[in-house]
Amino acid sequence: MSYAIIGFGKVGQALASAFARKNIEVAVASRRPAEALAPQARAIGPTVVAKSLRDALEADTIILAVPFGEHREVAKALPSWEGKTVIDAMNALVPPEELDGLPSSAFVAKAFTGAKLVKVFNHLVAATLAADPVVEGGHRVVFLSGDDEDATAPVADLAKQLGFAPVRLGKLNEGGALVHARGRVWGQLIFQDLFKKEQ
Ligand SMILES: NC(=O)c1ccc[n+]([C@@H]2O[C@H](COP(=O)([O-])OP(=O)(O)OC[C@H]3O[C@@H](n4cnc5c(N)ncnc54)[C@H](OP(=O)(O)O)[C@@H]3O)[C@@H](O)[C@H]2O)c1
């Protein structure tokens, strides 16, 4: 598996820290050239490699950490998304009418034709996402949803490798609705990050 984070702001850097903590290689990219991102990437860790957008998109798993409205620009950067997994860490803070009545990740998936899309990492604030997920003897929870089981399983494995406890919610418009932002309304599991199992 090869990974790239597109968007190197608060969430992109938080996720890069999670990869660095576990020595997993990850490319990071934005609209700026690689050289502009390289000092910050190096400061996070040696496994975080700044690349141009085009080079970063060679990875087979692409994490979207750009403002929601920018996802279409990222999608346009490749002629085909066949064979790729796209991880949507974005929140659509736009009126639901602008999403054709779809959950925001299903709307995003339309732009990435051929890719398999998994929603995860969107429900934690960046500072929480950046912090060590091992907390008080437990693992911080991340909620995954997606319409494609083949893609959700390896992304759950990645979340585990990064130290999180993945919880699979099912399809985007089913359990996934619990981690969806709809305009200014947050799904009920957004910001939830730890839970205790019943014994
Ligand atoms: N902040 C949070 O706590 C939080 C938590 C969960 C989810 N989210 C979601 O995560 C996403 C990112 O939020 P953020 O707070 O990290 O935003 P941010 O700090 O503003 O960073 C956005 C990044 O996206 C890059 N970017 C913008 N347009 C791009 C494009 N067309 N192609 C490639 N890169 C592009 C920007 O870099 P350049 O200007 O160099 O291109 C910047 O590095 C949003 O969708 C947000 O809803 C945020």
Side-chain angles (χ1 to χ4, degrees), residues 3-20 26-44 48-59 61-79 81 84 86-96 98-99 102-109 111-112 115 117-131 133 140-145 155 159 162 164 166 169 172 176 178-193:
Y3 302 103
I5 301 168
I6 309 304
F8 196 46
K10 291 183 277 302
V11 166
Q13 292 185 32
L15 285 168
S17 303
F19 278 82
V26 66
V28 294
S30 80
R31 290 170 297 194
R32 283 174 289 157
E35 306 78 67
L37 308 183
Q40 183 58 23
R42 273 198 296 271
I44 294 175
V48 181
V49 183
K51 293 192 177 174
S52 66
L53 184 60
R54 176 189 283 255
D55 288 350
L57 292 180
E58 284 177 12
T61 301
I62 311 283
I63 305 177
L64 297 177
V66 298
F68 181 77
E70 291 295 325
H71 73 268
R72 290 185 202 82
E73 289 307 312
V74 179
K76 280 188 217 155
L78 275 188
W81 286 85
K84 305 268 190 199
V86 170
I87 295 179
D88 180 8
M90 302 179 295
N91 286 313
L93 306 177
V94 299
E98 290 180 24
L99 302 176
L102 294 168
S104 64
S105 293
F107 185 82
V108 170
F112 292 85
L117 188 137
V118 180
K119 187 175 189 73
V120 65
F121 302 129
N122 68 299
H123 68 93
L124 299 176
V125 293
T128 305
L129 200 54
R140 200 174 288 292
V141 164
V142 287
F143 298 111
L144 285 87
S145 50
V155 175
L162 296 177
F164 294 96
L169 299 177
L172 294 173
L178 294 168
V179 284
H180 253 248
R182 288 181 189 279
R184 303 241 152 253
V185 181
W186 298 100
Q188 284 159 317
L189 289 181
I190 290 188
F191 307 128
Q192 301 299 317
D193 55 14

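Each ligand, and each atom within it, is numbered from 1 in the order the structure gives. Residue indices begin at 1 and follow the sequence shown.
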Checklist entry - Quick one: side chain to side chain contact (heavy atoms under 4.5 Å, CB included) partners of Pro79, sequence neighbours excluded? => result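 With sequence neighbours excluded, Pro79 shows a side chain to side chain contact (heavy atoms under 4.5 Å, CB included) to no residue whatsoever.
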Item to check | Neighbour list for ligand 1 [protein residues, heavy atom under 4.0 Å] | outcome: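 If the criterion is a heavy atom under 4.0 Å, then ligand 1 touches Ile6, Gly7, Phe8, Gly9, Lys10, Val11, Ser30, Arg31, Arg32, Ala65, Val66, Pro67, Phe68, Glu70, Glu73, Val74, Ala89, Met90, Asn91, Asn122, Leu124, Val125, Ala126.
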Checklist entry - Would a 4.5 Å heavy-atom cut-off, applied to side chains only, mark Leu93 and Phe68 as touching? => result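 A side-chain contact is absent here, since even the closest heavy-atom pair is not under 4.5 Å.
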Item to check | Qualifying residues under salt bridge (charged side-chain N to carboxylate O under 4.0 Å, His left out), relative to Glu73, sequence neighbours excluded | outcome: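 In terms of salt bridge (charged side-chain N to carboxylate O under 4.0 Å, His left out), with neighbours along the sequence ignored, Glu73 is linked to Lys76.
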Item to check | Interatomic distance, Leu129 atom CG to Lys10 atom NZ [nearest 0.5 angstrom] | outcome: 13.0 Å
Item to check | Which residues share a side chain to side chain donor-acceptor pair (under 3.5 Å) with Ser145, sequence neighbours left out | outcome: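 Expected list: none.
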Next on the checklist: Students often mix this up, so state it plainly: with edges at 30° and 60°, are the rings of His123 and Phe143 parallel, tilted or perpendicular?
Outcome noted: tilted
